[in-house]
Amino acid sequence: QVQLVESGGGLVQAGGSLRLSCSASGRTFSFEAMGWFRQHPGKEREFVAAISWITGSTRYADSMKGRFTISRDNAKNTIYLQMDSLKPEDTAVYYCAAGFRDIYCRGSGCYGYWGQGTQVTVSS
């Protein structure tokens with residue numbers, strides 16, 4: 001059994017920062033990658049960033065490069081998403097995900113485990 005629990009969402013003004021955390025429990029040793037996705041109301045879930053659980057290599061969606069940073073703490077079974085220079089269009093529910101495909105697999109179908117999501121709201 002695997003559980004992913006996100007935290008750190010909230011309300012922030014445009015230009016501000018937030019850091020999301022995702023703690024994993026259960027069979028985390030078998031994961032190849034963990035990632036962050038987000039979902040706007042009425043839209044499909046979209047890829048934000050991913051990190052290799054083994055090597056620490058990272059990948060980002062083009063629109064997040066330079067603003068978002070994904071990192072991991074293997075000892076704590078936790079990944080983070082540091083979000084800087086936030087924009088109103090970053091407002092969404094952010095989901096943590098874990099799976100057995102590598103970080104070059106960016107679709108939501110590449111991940112088999114999901115957290116419950118955390119709301120991020122950026123005001124203008």
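If you read the sequence from its start, that first residue is 1, and numbering goes on from there.
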Using a 4.5 Å cut-off on heavy atoms from C-beta on, say whether the side chain of T121 contacts that of V12.
-> no

State, yes or no, whether a side-chain contact exists between I79 and C96 at a heavy-atom distance under 4.5 Å.
-> yes

Consider only side-chain heavy atoms of I, L, V, M, F, W and Y, link residues closer than 4.5 Å, and tell whether L11 and V93 are in one cluster.
-> no

Roughly how far, to the nearest 0.5 Å, is the OG atom of S85 from the CZ atom of R67?
-> 7.0 Å

Do F31 and V2 pass the side chain to side chain contact (heavy atoms under 4.5 Å, CB included) test, and can you show the C-alpha distance, the side-chain angles, and the key distance before you say yes or no?
-> CA-CA 10 Å; F31 291 150; V2 173; 3.4 Å; yes

C110 side, atom SG; Y104 side, atom OH - distance, nearest 0.5 Å | 13.5 Å

Heavy-atom pair with the smallest gap, counting every atom of V48 and F68 | CG1-CD2, 3.6 Å

Does some side-chain heavy atom of E46 sit less than 4.5 Å from a side-chain heavy atom of H40?
-> yes

What are the two closest non-hydrogen atoms of A98 and M34, and how far apart are they?
-> CB-CG, 3.9 Å

Mind telling me whether Y111 and F37 have parallel, tilted or perpendicular rings, with 30° and 60° as the class edges?
-> perpendicular

Side chain to side chain contact (heavy atoms under 4.5 Å, CB included) assessment of V120 paired with L18 | CA-CA 9 Å; V120 171; L18 280 175; 3.8 Å; yes

M64 vs M83, side chain to side chain contact (heavy atoms under 4.5 Å, CB included): CA-CA, chis, key distance, verdict = CA-CA 9 Å; M64 286 70 163; M83 303 186 293; over 6 Å; no

Report the relative orientation of the aromatic rings in W114 and Y95; use parallel for angles under 30°, tilted for 30 to 60°, perpendicular for over 60°.
-> perpendicular

Less than 4.5 Å apart, any side-chain heavy atom of L20 and any of T118?
-> yes

Contact check, side chains of Q39 and Y94, non-hydrogen atoms, under 4.5 Å | no

Tell me, do Q119 and T91 make a side-chain contact under 4.5 Å, heavy atoms counted?
-> yes

If you measure from OG on S124 to CD on Q13, what distance do you get to the nearest 0.5 Å?
-> 9.5 Å

Report yes or no: do S17 and D84 form a side-chain donor-acceptor pair below 3.5 Å?
-> yes

Could you tell me whether a side-chain N or O of R72 sits under 3.5 Å from a main-chain N or O of W53, the two making a donor and an acceptor?
-> yes

Going by heavy atoms in the side chains, are D90 and R38 under 4.5 Å from each other?
-> yes

Side chain of T78, backbone of K76: donor and acceptor closer than 3.5 Å?
-> yes

Nearest-0.5 Å distance, CD of residue E32 to SG of residue C105 | 11.0 Å

Pair I103-S57, side chain to side chain contact (heavy atoms under 4.5 Å, CB included): steps then yes or no = CA-CA 8 Å; I103 60 173; S57 297; 3.8 Å; yes

If we only count heavy atoms from C-beta on, is the Q116 to L4 side-chain gap below 4.5 Å?
-> no

Is a side-chain donor-acceptor pair under 3.5 Å present for R19 with Y80?
-> no

